[in-house]
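The sequence lines fix the lettering, A, B, ..., with proteins before strands; numbering per chain opens at 1.
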Protein chains: 4
Amino acid sequence: MAGSVNKVILVGNLGRDPEIRTLNSGERVANLSLATSETWRDKASGERKEKTEWHRVVIFNDNIVKVCENYLKKGSTVYVEGQLQTRKWTDQQGVEKYSTEVVIQKFKGELTMLGGRGDGGGMSRGGGDDDYSSGFSTGGANKPSGPRESYDLNDDIPF
Amino acid sequence: MAGSVNKVILVGNLGRDPEIRTLNSGERVANLSLATSETWRDKASGERKEKTEWHRVVIFNDNIVKVCENYLKKGSTVYVEGQLQTRKWTDQQGVEKYSTEVVIQKFKGELTMLGGRGDGGGMSRGGGDDDYSSGFSTGGANKPSGPRESYDLNDDIPF
Amino acid sequence: MAGSVNKVILVGNLGRDPEIRTLNSGERVANLSLATSETWRDKASGERKEKTEWHRVVIFNDNIVKVCENYLKKGSTVYVEGQLQTRKWTDQQGVEKYSTEVVIQKFKGELTMLGGRGDGGGMSRGGGDDDYSSGFSTGGANKPSGPRESYDLNDDIPF
Amino acid sequence: MAGSVNKVILVGNLGRDPEIRTLNSGERVANLSLATSETWRDKASGERKEKTEWHRVVIFNDNIVKVCENYLKKGSTVYVEGQLQTRKWTDQQGVEKYSTEVVIQKFKGELTMLGGRGDGGGMSRGGGDDDYSSGFSTGGANKPSGPRESYDLNDDIPF
DNA sequence: TTTT
DNA sequence: TTTT
């Protein structure tokens with residue numbers, strides 16, 4: 001295929017605390033229940049209405065799992081960037097079901113804390129790590145070394 | 001809620017021709033089956049692997065429905081920008097099911113043709129309209145009246 | 001051209017209060033100075049570093065101009081979605097300059113309030129309007145007439 | 001700062017072949033000149049109009065630099081995801097200038113080939129690498145190992 | 001079910 | 001300077 005893009009961008013609030021589990025492989029996974037809402041005024045009745053959409057976010061990136069564990073809770077506002085993925089599973093009655101999730105892979109996607117009620121006050125990020133971050137953002141990288149401040153090309157002119 | 005964002009960006013190919021239906025309200029709706037693929041080389045075996053994700057795109061914007069009708073077909077490459085929306089429905093056995101879709105609302109979202117095998121050659125967009133467009137892009141338009149809560153199609157099954 | 005996309009997504013804080021001006025046409029324009037920051041730990045020195053990028057956001061959508069006027073101030077956190085646009089202008093010495101801006105057109109782009117220090121407390125949106133909104137989001141609106149080619153502000157300098 | 005986001009998404013065509021240079025550090029950098037266009041019908045005159053925006057894209061990720069070198073040329077259509085960055089420089093007359101660029105960092109951003117006239121036919125990506133890719137997409141990762149196909153949580157239910 |  |  002000549003290239004494709006699968007990207008989801010959400011800003012919303014957690015409906016409950018993150019759930020973190022350990023797979024048989026030892027790998028940790030975080031699950032978030034994230035709400036986005038729209039409000040509008042109904043043209044006919046003049047009433048204000050609201051509709052909330054709930055998103056299931058699944059995180060396989062361990063740096064981001066740690067942020068979920070240490071900083072997020074019910075009510076936290078987050079920016080999430082991931083991929084749409086539909087998973088098939090079978091319930092206890094043997095019925096096939098589908099679940100569509102926003103997945104933050106090990107090497108793809110981001111999560112950035114944006115504050116909100118759930119934040120326990122402090123914004124300090126905890127020390128001792130060598131992560132690259134955009135504020136409380138986490139993701140994308142492996143062992144980055146910071147943004148580029150300048151580079152030595154002197155024949156660059158705006159075009 | 002202090003503002004939220006719900007945005008999906010996809011670039012992929014149509015798995016079949018667009019399906020266009022007319023609702024009881026007279027409103028037209030287009031459905032796209034859009035594939036995005038990832039390929040990678042397996043570290044262990046060294047083999048090239050591929051995984052395809054299928055997305056159900058539902059379009060309520062009539063300008064975009066017209067583009068689907070006139071220009072898109074199986075194999076077309078498109079850029080789609082919409083919202084994630086999960087819809088509950090009941091199948092013929094009375095079982096509740098959920099379908100998560102990428103929705104292009106009447107007044108939100110975009111679709112841009114990017115070529116691909118399915119394009120029947122001509123790129124001319126048809127005249128006589130006064131639409132704003134970015135290339136073959138369509139969207140962003142007028143007179144919003146709130147998000148869609150439900151629509152009366154009962155033959156929709158997750159795919 | 002077979003379709004193109006020009007989209008900028010920013011979440012950051014205002015460095016100063018919004019500036020709102022009226023063009024000769026009577027149209028109002030809001031300018032925001034928006035900061036995004038990245039922090040990282042320097043691999044060599046182990047020090048925490050930060051780099052801030054300043055973005056000039058220019059808003060031609062009057063609903064969003066009103067939100068800027070009524071709700072935003074220095075310190076506010078906002079989500080902004082617009083287009084990249086580079087404008088050429090001539091300074092008082094007759095030197096040609098270029099300014100690249102994130103533009104929210106009349107019929108394209110969004111702004112969503114996400115809280116932050118600058119918010120004067122209340123989140124109430126003001127009544128009497130029939131706007132469609134996603135939280136405090138505003139945008140996506142009607143009756144487009146083409147992109148903006150130039151506007152008559154001659155005191156604009158890159159910042 | 002409580003987290004920020006700085007993201008640019010472009011789909012357009014290259015106005016010329018990629019320029020690739022080597023910095024004093026030995027690091028390679030690719031520069032792309034990318035066009036995005038909008039067309040619209042003027043309401044007054046009824047004429048079709050077009051406006052093209054040119055974007056300077058700067059790439060520090062070596063995997064993506066290789067894709068530019070081997071597969072892209074004048075006319076190629078690409079999807080680019082990067083960060084907005086403004087760089088100050090001094091021209092030969094000693095005048096300070098600013099250049100705003102879309103930067104694909106070493107560990108951030110993506111480039112995906114979408115075809116277009118410039119593509120020399122072959123889509124084969126060259127072998128012997130262990131890169132993760134989405135079609136011809138490149139970026140984001142370091143040593144990824146492919147998308148997740150399934151995971152062993154059996155208590156997952158749609159919510 | 002697409003695409004390469 | 002691209003593309004249709």
Side-chain angles (χ1 to χ4, degrees), chain A residues 1-6 86 157-159, chain B residues 10-19 31-40 48-57 71-78 80 112-127 133-137 157-159, chain C residues 1-6 86, chain D residues 10-19 31-40 48-57 71-78 80 112-127 133-137:
Chain A
M1 164 174 286
S4 62
V5 176
N6 175 354
T86 297
I157 51 168
F159 61 132
Chain B
L10 302 173
V11 177
N13 300 294
L14 302 194
R16 43 180 139 127
D17 290 348
E19 293 166 17
N31 280 265
L32 307 180
S33 181
L34 184 67
T36 56
S37 304
E38 292 184 274
T39 60
W40 71 99
R48 184 157 288 284
K49 297 202 166 180
E50 175 160 12
K51 177 157 183 265
T52 295
E53 197 70 28
W54 288 97
H55 309 274
R56 182 179 183 78
V57 180
Y71 298 106
L72 299 185
K73 60 184 189 190
K74 184 174 173 175
S76 297
T77 305
V78 289
V80 164
T112 301
M113 290 175 60
L114 297 171
R117 229 198 208 179
D119 299 320
M123 273 305 213
S124 62
R125 189 160 182 280
S133 74
S134 160
F136 275 67
S137 174
I157 51 167
F159 61 131
Chain C
M1 164 175 285
S4 62
V5 175
N6 175 355
T86 297
Chain D
L10 303 172
V11 176
N13 300 292
L14 301 194
R16 41 181 140 124
D17 290 348
E19 292 165 18
N31 280 264
L32 307 180
S33 181
L34 184 66
T36 57
S37 304
E38 292 185 275
T39 60
W40 71 100
R48 185 158 287 285
K49 297 202 167 180
E50 174 160 13
K51 179 159 182 263
T52 296
E53 197 69 30
W54 287 97
H55 309 273
R56 182 179 182 79
V57 180
Y71 299 106
L72 299 184
K73 60 184 189 191
K74 184 173 173 176
S76 297
T77 304
V78 289
V80 163
T112 301
M113 290 175 60
L114 296 172
R117 231 197 207 180
D119 298 319
M123 273 306 212
S124 62
R125 189 157 180 278
S133 75
S134 159
F136 276 67
S137 174

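Across the protein-nucleic acid pair, B:Arg48 atom CZ and E:dT3 atom C1' stand 14 Å apart, rounded to whole Å. Computed from coordinates, the D:Asp17 CG to F:dT2 P distance equals 11 Å when rounded to whole Å. Taking atom CG of residue B:Leu114 and atom P of nucleotide E:dT4, one finds them 14 Å apart after rounding to whole Å. One interatomic measurement links the two molecules: NE2 of D:His55 to P of F:dT2, which rounds to 15 Å at whole-angstrom precision. Rounded to an integer number of Å, the gap from CG of B:Leu14 to P of E:dT4 is 13 Å. Rounded to an integer number of Å, the gap from NZ of B:Lys73 to P of E:dT2 is 14 Å. Protein atom CG of B:Leu32 is 13 Å distant from nucleotide atom C1' of E:dT1, rounded to whole Å. Rounded to whole Å, the distance from NZ on D:Lys51 to C1' on F:dT1 is 16 Å.
In this structure, of F:dT1, E:dT2, F:dT3, it is F:dT1 that holds the atom nearest to the side chain of D:Arg16. The side chain of B:Lys74 approaches E:dT1 more closely than any other nucleotide in the set F:dT3, E:dT1, F:dT1. Set against E:dT1, F:dT3, E:dT2, the side chain of B:Ser33 has E:dT1 as its closest nucleotide. Taking only side-chain atoms of D:Asn13, from C-beta outward, the nucleotide of E:dT4, F:dT2, F:dT1 with the closest atom is F:dT2. Proximity note for D:Ala35 (side chain, C-beta onward) versus F:dT2, F:dT1, E:dT3: the nearest is F:dT2.
We find the CG-OG1 distance between D:Asn13 and D:Thr77 to be 4.0 Å, quoted to the nearest 0.5 Å. Within the model, atoms CG of C:Asn6 and OG1 of D:Thr52 stand 11.0 Å from one another, a figure rounded to the nearest 0.5 Å. Summarising the geometry, atom CG belonging to B:Asn31 is positioned 4.5 Å from atom CZ belonging to B:Arg56; distances are rounded to the nearest 0.5 Å. Rounding to the nearest 0.5 Å gives a distance of 7.5 Å between OG1 of A:Thr86 and NE2 of B:His55.
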